[in-house]
Amino acid sequence: MSKSEPVKASNFIRNIIDEDVAAGKNGGQVVTRFPPEPNGYLHIGHAKSICLNFGTATRYNGRCNLRFDDTNPAKESEEYALAIKDDVTWLGFEWNELRHASDYFDELYEYACELIRQGKAYVDSSSAEEMREMRGTLTEPGIESPYRNRSIEQNLDLFSRMKAGEFNDGDHVLRAKIDMASGNINMRDPTLYRIRKVNHIRTGDKWSIYPMYDYTHCVSDAIENITHSLCTLEFEDHRPLYDWVLDNLKTPSHPQQIEFARLSLEYTMLSKRLLIKLVEENIVNGWDDPRMPTIIGMRRRGYTPEALREFCERIGITKNDAWIEMMVLEGCIRDQLNREAPRRMAVLDPIKVVITDLPADHEQRFTLANHPQDDTAGTREVPFTREIYIDRDDFAEVPPPKYQRLIPGGEVRLRSSYVIKCEEIIKDDAGKVVELRCTHDPDTLGKKPEGRKVKGVIHWVSATYGESAEIRLYNPLFNTPDPAKAESIEDAIDPESEIILSNCIVEPALKDAVAEQHFQFERIGYFVADRHDHSSDNLVFNRVVTLRDTWAK
RNA sequence: UGGGCCGUCGCCAAGCGGUUAAGGCACCGGGUUUUGAUCCCGGCAUUCGGAGGUUCGAAUCCUCCCGGCCCAGCCA
């Protein structure tokens, strides 16, 4: 330990919990929860919250529940709930208990009656528009509803009839009686319950009234004895209401809400509304499109749970409005795949190379290491023949300055093989290079050439043994760092965000690749066998990320 | 004179009255290298949004100012 170990940065939430634990608050227990609404797929921003909540519980030997915030049946579905469970599990976390806000609908109703009995809640029969008008503005106080002083008996009666389904959507709502002049708009008699005659994914048609988030969340937390309720900054203004509800009810506990900044990632959009739009308007190919910032999309792209967790570790937890650069995310997956991914050779845009001083039936098999720094990764056989393919990028008839690949009359090292020299260029009628005729130096296998330096090294694949493959290249979906601010989503989409190459040639060992297996295609980048489309008969690889490139390709 | 919150290196982020202001990403050198990758070594804030003040001593406490974010759903 001569070197300073990378110290994991502390954060303000940890500091708060450290103090609470030291003070013996909550009996020294730490209980958190991850509370998604099942109305869409989870994205990288949720991963931040998942890592925080589950990670915090683990750190303090506590527990973390997965709780579906299913209070708005019109927008929620079982498909989403299932996907969310899969995503959390795939990320590597286990919830202590699986709960639903709807598990507490009966208790929530009883607590609401209690608020009415205390004179702290009332049924308002104003329309939504009237309520909006009476709410006031950011700078002007609101005015009290004419229904605000109904008797407790009348409120109880009306509320029970709302529950019984006697009224239609919008006829009445239950409101907390707090302060219409509060500077905090959330405290201007917020709605607690609304009538919604729709089928709920779990309670079916049992209820015709559904509780609002602010009322449901704090009570659910309290029922589950959550100690630290971690949520994003936009709920800071809601905390007084969170505390108001719990201060006025005899709940099992009174959790502490702590807010942190949500994730903002450059060239990405993390608004559920806009992600749904991308899917519904077929701007992308579904929720798991490899360009999507959804967990399932990133999984298909080739990101790993480890890399996503590392990312959440690297970005930290604060209350700052921070924008994270893409490079941070890319660095996480590169680090892991550099350590773990076996190396292979793949040619994306093939040019045939004929090594003319080799007999037509020449055949050699090289045994190559799967990893240059890790012997335990084993080896594989790579055939070498008279005709091979190299990448079009690795040949230049008129090379740019400092180019160190193949040029007319020049030499280059074939990776793990011989040094070859380009003797002749063959073009088609359109002037496109279709073949290179080269000679090789037989005395350069495993050794440097005599009397000269050959700096460039390029990858290659045997023309006779290479397998054809489809390789999909991905770039950021958007052409601007903050697409949410773009004129329109359509304009912000980068048409080059997905490039499908269907004529690639890869080394034969790749025939054994299985879905979701990662590789480094040497000199190109990290790739993953597509989890849905790849098979041994139809090789399909997605580019996770390029190799770091200090040159400028 | 609406309420709430935030400002430490290009991007993140530790720091909590006494440290040479951590660390990561990025960047810039130099070395190794049959991946222009990896790896290694070195560099990278006399300064903490600004100005005052308190103090022997301030990024850390106080005051004012400047800049940015959130809130007017019967969404979460």
Side-chain angles (χ1 to χ4, degrees), chain A residues 4-12 15 35-37 39 69 71-72 74-75 124 126-128 131-132 135-142 169-175 181-188 190-196 210 212-214 216-217 231-240 259 261 266 272-273 313-332 334-335 338-339 343 345 371-373 402-405 413-417 419 444-448 454-459 520-525 546-553:
Chain A
S4 53
E5 293 268 306
V7 183
K8 292 207 169 162
S10 185
N11 66 56
F12 78 102
N15 295 344
E37 183 188 10
N39 70 341
D69 232 325
T71 56
N72 187 359
K75 291 185 176 174
D124 194 332
S126 308
S127 68
M131 276 181 59
R132 184 170 7 92
R135 191 153 34 234
T137 69
L138 292 179
T139 54
E140 297 159 333
D169 288 17
D171 287 353
H172 311 281
V173 293
L174 183 73
R175 289 229 259 173
S182 172
N184 181 345
I185 287 178
N186 295 298
M187 299 298 270
R188 318 239 267 226
T191 299
L192 267 22
Y193 269 91
R194 76 287 213 191
I195 298 170
R196 279 283 178 285
Y210 291 94
M212 299 288 289
Y213 165 85
D214 284 310
T216 308
H217 203 82
C231 63
T232 44
L233 248 28
E234 65 270 27
F235 292 103
E236 229 161 0
D237 288 347
H238 297 236
R239 194 171 65 232
E259 311 84 10
E266 287 187 345
K272 252 185 203 174
R273 205 194 101 243
E313 194 61 49
R314 289 187 189 181
I315 60 177
I317 299 290
T318 65
K319 300 182 75 155
N320 301 342
D321 302 311
W323 276 89
I324 309 297
E325 295 176 331
M326 262 299 177
M327 293 182 287
V328 179
L329 220 204
E330 295 176 344
C332 294
R334 279 198 192 105
D335 280 358
N338 173 53
R339 270 182 274 115
R343 313 285 123 128
M345 290 197 281
H371 191 112
Q373 281 90 226
K402 295 195 180 168
Y403 188 79
Q404 38 185 257
R405 282 108 93 172
R413 159 78 64 182
L414 290 179
R415 170 87 208 189
S416 304
S417 179
V419 168
T444 52
L445 192 60
K447 60 164 90 165
K448 297 197 188 316
V454 173
K455 195 160 188 203
V457 179
I458 64 173
H459 55 275
Q520 183 198 94
F521 289 171
E522 289 198 84
R523 303 206 316 124
I524 304 176
T546 60
L547 245 36
R548 185 164 169 272
D549 187 8
T550 47
W551 174 241
K553 255 183 177 173

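The chains referred to below are lettered A, B, ... by the order of the sequence lines, with proteins before strands, and numbering in each begins at 1.
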Chemist: Taking syn as within 90° of 0 and anti otherwise, name the glycosidic form of B:rG15.
Modeler: anti
Chemist: Which value, in whole Å, describes the distance between the C1' atoms of nucleotides B:rC61 and B:rG15?
Modeler: 16 Å
Chemist: Can you see whether A:T216 engages A:D69 through a side-chain donor-acceptor pair at a distance of less than 3.5 angstrom?
Modeler: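 Their side chains do not contain a donor-acceptor pair, so the 3.5 Å distance test is not met.
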Chemist: Which base sits across from B:rA13 as a Watson-Crick or G-U pair, both distances under 3.5 Å?
Modeler: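 Partner of B:rA13: none found under 3.5 Å.
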Chemist: Between B:rC25, B:rA13, B:rG36, spot the one nearest the side chain of A:E325, thanks.
Modeler: B:rC25
Chemist: Take atom P in B:rC75 and the same atom in B:rA14, then report the distance between them in whole Å.
Modeler: 36 Å
Chemist: Report the base-pairing partner of B:rU63 (Watson-Crick or G-U wobble, both distances below 3.5 angstrom), or none.
Modeler: B:rA51
Chemist: Could you tell me how far B:rU60 sits from B:rA51 if I compare only their P atoms? Round to whole Å.
Modeler: 12 Å
Chemist: For B:rG2, give the paired nucleotide (Watson-Crick: N1-N3 plus N6-O4 or O6-N4; G-U: N1-O2 and O6-N3; both under 3.5 Å), or none.
Modeler: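 Here B:rG2 is engaged in a pair, and the nucleotide opposite it is B:rC71.
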Chemist: Taking the side chain of A:N72 as heavy atoms from C-beta outward, which of B:rC25, B:rA76, B:rC5 is closest to it?
Modeler: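 The answer is B:rA76.
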Chemist: Please classify the nucleic acid contact of A:S182 as base, sugar-phosphate, or nothing, using heavy-atom distances under 4.0 Å.
Modeler: nothing
Chemist: Compare the aromatic ring of A:Y213 with the six-membered base ring of B:rA76 and state whether they stack according to the 5.5 Å and 30° rule.
Modeler: no
Chemist: Using the side-chain heavy atoms of A:T139, tell me which of these nucleotides is nearest: B:rG2, B:rC12, B:rA76.
Modeler: B:rG2
Chemist: In whole angstrom, what separates A:N338's CG from B:rC25's P?
Modeler: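 Whole-Å distance recorded here is 13 Å.
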Chemist: Could you state the CG-C1' distance from A:N320 to B:rA59, rounded to the nearest angstrom?
Modeler: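 Rounded to the whole Å, the gap is 14 Å.
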Chemist: Considering only B:rG36, B:rA26, B:rC12, which nucleotide approaches the side chain of A:K402 most closely?
Modeler: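 Between B:rG36, B:rA26, B:rC12, the one nearest the side chain of A:K402 would be B:rG36.
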Chemist: C1' atom, B:rU33 versus B:rC40: distance in rounded Å?
Modeler: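 Straight-line distance between the two C1' atoms is 11 Å.
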Chemist: Checking base pairs now: Watson-Crick or wobble, both atom distances under 3.5 Å. What partners B:rC39?
Modeler: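 B:rC39 is paired with B:rG31.
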Chemist: Can you name the salt bridge (Lys or Arg N to Asp or Glu O under 4.0 Å) partners of A:K455, sequence neighbours left out?
Modeler: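 Here no residue qualifies.
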Chemist: State which residues pass ring-ring contact (aromatic ring centres under 6.0 Å, His included) with A:H371; sequence neighbours excluded, sorted by chain then number.
Modeler: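 In terms of ring-ring contact (aromatic ring centres under 6.0 Å, His included), with neighbours along the sequence ignored, A:H371 is linked to no residue.
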Chemist: Provide the distance between the two P atoms, one in B:rC9 and one in B:rA21, to the nearest whole Å.
Modeler: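 Here B:rC9 and B:rA21 have their P atoms 16 Å from each other.
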Chemist: Expressed as a whole number of Å, how far does the C1' atom of B:rC16 sit from that of B:rA58?
Modeler: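 It works out to 12 Å between them.
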Chemist: Checking all strands, does A:K447 fall into the base, sugar-phosphate, or nothing category for heavy-atom contacts under 4.0 angstrom?
Modeler: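 Counting heavy atoms under 4.0 Å across all strands, the contact made by A:K447 includes a base.
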Chemist: Classify the nucleic acid contact of A:K272 as base, sugar-phosphate or nothing, counting any heavy atom under 4.0 Å across all strands shown.
Modeler: nothing
Chemist: Quick one: is A:R548 getting a side-chain N or O under 4.0 Å of the B:rU38 phosphate, OP1 or OP2?
Modeler: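 For B:rU38, OP1/OP2 do have a side-chain N/O of A:R548 under 4.0 Å.
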Chemist: Does anything in residues 313-328 of chain A form a side chain to side chain donor-acceptor pair (under 3.5 Å)? List the pairs, not counting sequence neighbours.
Modeler: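 Side chain to side chain donor-acceptor pair (under 3.5 Å) check on residues 313-328 of chain A returns A:E236-A:K319, A:E310-A:R314, A:R314-A:D335.
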Chemist: What pairs with A:R196 under salt bridge (Lys or Arg N to Asp or Glu O under 4.0 Å), at least two apart in sequence or on another chain?
Modeler: none
Chemist: In whole angstrom, give me the gap between the C1' atoms of B:rU8 and B:rU47.
Modeler: 9 Å
Chemist: What does nucleotides 67-74 of chain B look like as a protein-contact string, B for base, S for sugar-phosphate only, - for none, at under 4.0 angstrom between heavy atoms?
Modeler: -BSBBBSB
Chemist: Please classify the nucleic acid contact of A:G446 as base, sugar-phosphate, or nothing, using heavy-atom distances under 4.0 Å.
Modeler: base
Chemist: Ring-plane angle category for A:H238 and A:Y213, please: parallel below 30°, perpendicular beyond 60°, tilted otherwise.
Modeler: perpendicular
Chemist: What's A:E259 touching, base or sugar-phosphate or nothing? Going by heavy atoms closer than 4.0 Å.
Modeler: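 A:E259: no heavy atom of the nucleic acid under 4.0 Å.
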Chemist: For A:R194, which residues count as a salt bridge (Lys or Arg N to Asp or Glu O under 4.0 Å) partner, sequence neighbours excluded?
Modeler: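 Salt bridge (Lys or Arg N to Asp or Glu O under 4.0 Å) list for A:R194, sorted by chain: empty.
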Chemist: For A:E37, which contact category applies under a 4.0 Å heavy-atom criterion: base, sugar-phosphate, or nothing?
Modeler: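 Here A:E37 touches the backbone only, sparing every base.
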Chemist: Would you kindly say whether A:N184 and A:S182 are connected by a side-chain donor-acceptor distance under 3.5 Å?
Modeler: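 Side chains of A:N184 and A:S182: no pair found under 3.5 Å.
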Chemist: Is there a side-chain polar atom (N or O) of A:T318 under 4.0 Å from OP1 or OP2 of B:rC6?
Modeler: no
Chemist: Taking atom C1' in both B:rA26 and B:rG10, what distance in whole Å separates the two?
Modeler: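 Going atom to atom, C1' in each nucleotide, I get 7 Å.
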